[in-house]
Q: 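Right, I'll just put the structure down here and ask away after.
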Amino acid sequence: MPPETVHAPVAVVKSGARADRSRERARAARRRRLLVYGARVLLLVGVIGLWEGLARAAVIDPFNFSMPSRIWDQMSQWALNGTPQGPLWEQIGYTLYEALLGWVIGVLAGVVLGIALGRVRFLADVLGPYIKVLNALPRIVLAPIFLIWFGLGPASKVASAVVLVFFPVFFNAFQGAREVDRNLVANSRILGASNRQVTLQVVIPSATSWIFTSLHVSFGFALIGAIVGEYIGATKGLGLLVSASQGTFNAAGVYAAMVILAVVALVAEGLLAFLERRLFRWKPADASDGR
């Protein structure tokens with residue numbers, strides 16, 4: 001009997017066993033995802049139900065802590081009848097515009113300056129101490145200064161968002177540029193690459209994963225900057241809704257605005273995660289994903 005005919009059934013058996021193991025791992029991963037999602041829903045329902053029950057039983061003060069049913073009623077009223085400052089969607093759009101613009105400017109500035117200082121040691125030595133001093137400042141307290149400089153319009157909120165976004169993006173881009181594999185840089189030099197080509201084709205792609213790590217938290221910072229600016233002084237926005245609700249002792253309005261902000265932040269996080277998966281399809285899956 002030829003050797004090929006002897007080994008063929010063995011190969012078929014091995015490939016079938018590998019396929020079975022792959023299917024079993026996929027089923028286990030699906031079961032785990034369903035279990036995680038179910039636990040999340042149960043936890044949320046439990047917290048909301050406990051909050052509602054304690055408030056209705058007067059264990060906690062409904063005036064100060066409100067209750068989920070009142071928060072839902074407040075959001076429904078805003079959605080159907082509008083807010084005192086105008087339609088709810090206009091307030092959401094105004095805050096999103098400020099946060100997105102501040103986020104884009106902060107990300108671009110952080111990436112450009114981080115890569116530049118990571119690549120040019122002289123710039124890092126000159127500007128490094130100043131950046132550390134600025135990073136040590138409590139940046140939220142700059143919001144009143146921006147309000148004085150730029151007025152009640154969106155510019156002051158965009159500036160607040162920029163200063164909150166810039167530093168986490170800058171430090172991640174700087175570290176990513178410093179952590180580039182020196183062998184890659186040396187090989188590109190041997191092949192005749194210029195400084196510009198090394199930066200664009202080696203350093204920036206290598207630092208991209210570092211930069212994306214900062215993007216996940218930086219958009220939340222942009223929202224915080226916009227909201228704080230609106231809370232201090234604005235003509236529109238969710239921050240103004242929070243301030244107005246607080247001024248009228250409307251706890252349900254404060255919580256309702258916070259819930260809307262949380263939904264906006266979760267949607268933005270989901271979009272960033274989707275974009276990251278699309279850009280980094282070549283990366284192996286995180287080991288924690290299959291646990």
Q: Under the side chain to side chain contact (heavy atoms under 4.5 Å, CB included) criterion, do L113 and F174 qualify, and how do the steps go?
A: CA-CA 8 Å; L113 197 59; F174 176 80; over 6 Å; no
Q: Going from NZ on K236 to CD on E90, what distance comes out if it is rounded to the nearest 0.5 angstrom?
A: 3.5 Å
Q: When you measure from the side chain of K157 to the backbone N and O of L152, does any donor-acceptor pair fall under 3.5 Å?
A: yes
Q: Where do Y94 and E98 land on the side chain to side chain contact (heavy atoms under 4.5 Å, CB included) test, with the steps shown first?
A: CA-CA 6 Å; Y94 201 76; E98 296 164 346; 2.9 Å; yes
Q: Under 4.5 Å side-chain heavy-atom separation, chaining through any Ile, Leu, Val, Met, Phe, Trp or Tyr, what else clusters with V41? Say none if it is isolated.
A: V45
Q: Hydrophobic cluster mates of Y97, side-chain heavy atoms under 4.5 angstrom, ILVMFWY only, any path?
A: L101, I105, V158, V162
Q: Taking only Lys NZ, Arg NE, NH1 and NH2, and the carboxylate oxygens of Asp or Glu, determine whether R30 and E24 approach each other closer than 4.0 Å.
A: no
Q: Please determine whether residues L215 and I115 belong to a single hydrophobic cluster, defined as Ile, Leu, Val, Met, Phe, Trp and Tyr linked transitively by side-chain heavy-atom distances below 4.5 Å.
A: yes
Q: Has S76 got a side-chain atom pairing as donor or acceptor with W72's backbone, closer than 3.5 angstrom?
A: yes
Q: F219, L108: one ILVMFWY side-chain cluster at the under-4.5 Å cut-off?
A: yes
Q: For S245, does its backbone N or O pair with a side-chain atom of T248 as donor and acceptor, under 3.5 Å?
A: yes
Q: Is it the case that the side chain of S218 and the backbone of S214 share a donor-acceptor pair, with hydrogens and angles ignored and the cut-off at 3.5 Å?
A: yes
Q: Picking from D73, T83, I92, what satisfies side chain to side chain contact (heavy atoms under 4.5 Å, CB included) with W78?
A: T83
Q: Taking E52 for its side chain and S69 for its backbone only, find out whether a donor-acceptor pair lies under 3.5 Å.
A: yes
Q: Nearest 0.5 angstrom please: M258 CE to I227 CD1, how far?
A: 11.0 Å
Q: If you take all heavy atoms of F146 and S156, which pair is closest and at what distance?
A: O-CB, 3.5 Å
Q: If I take atom CG from residue L42 and atom CG from residue L35, how far apart are they, to the nearest 0.5 angstrom?
A: 9.5 Å
Q: Starting at CH2 of W149, measure out to CG of L142 and round the result to the nearest 0.5 Å.
A: 7.5 Å
Q: Grab the two heavy atoms, one from W103 and one from A222, that are nearest each other, plus how far apart they are.
A: CB-CB, 3.8 Å
Q: Say whether F65 and I48 are linked into one hydrophobic cluster, either directly or through other cluster members, by side-chain heavy-atom distances under 4.5 angstrom.
A: no
Q: Looking only at non-hydrogen atoms, find the nearest pair between V141 and P138 and report the distance.
A: CG2-O, 2.7 Å
Q: Which atom pair, heavy atoms only, marks the closest approach of G102 to A161?
A: CA-CB, 3.9 Å
Q: Please check this pair: side chain of S66 against backbone of P62, looking for a donor-acceptor N/O pair closer than 3.5 Å.
A: no
Q: Are L50 and V259 co-members of a hydrophobic cluster defined by side-chain heavy atoms under 4.5 Å apart?
A: yes
Q: I'd like to know whether R70 forms a side chain to side chain contact (heavy atoms under 4.5 Å, CB included) with Q74, so could you lay out the CA-CA distance, the side-chain angles of the two residues, the decisive distance to 0.1 Å, and finally the verdict.
A: CA-CA 6 Å; R70 290 183 185 176; Q74 181 68 80; over 6 Å; no
Q: In Å and rounded to the nearest 0.5 Å, what is the CG to CZ distance from L127 to F122?
A: 9.0 Å
Q: Looking only at heavy atoms, what is the nearest atom pair of A143 and I232, with distance?
A: CB-CD1, 3.6 Å
Q: Is it possible for you to say whether V264 and Y255 belong to one hydrophobic cluster, with membership spreading through side-chain heavy-atom contacts below 4.5 Å?
A: yes
Q: Are there more than 12 heavy atoms of other residues, nucleotides or ligands under 6.0 Å from atom CE of M75?
A: yes
Q: Apply side chain to side chain contact (heavy atoms under 4.5 Å, CB included) to the pair L117 and F170, showing each step before the final yes or no.
A: CA-CA 9 Å; L117 269 65; F170 165 80; 3.7 Å; yes
Q: Nearest heavy-atom pair of L238 and A257: which atoms, and what distance?
A: O-CB, 4.3 Å
Q: May I have the step-by-step check of side-chain hydrogen bond (donor to acceptor under 3.5 Å, both in side chains) for E230 and T95, ending in yes or no?
A: CA-CA 8 Å; E230 291 171 351; T95 299; 3.0 Å; yes
Q: Going by side-chain heavy atoms closer than 4.5 Å, which hydrophobic residues are tied to V36, directly or by a chain of links?
A: none
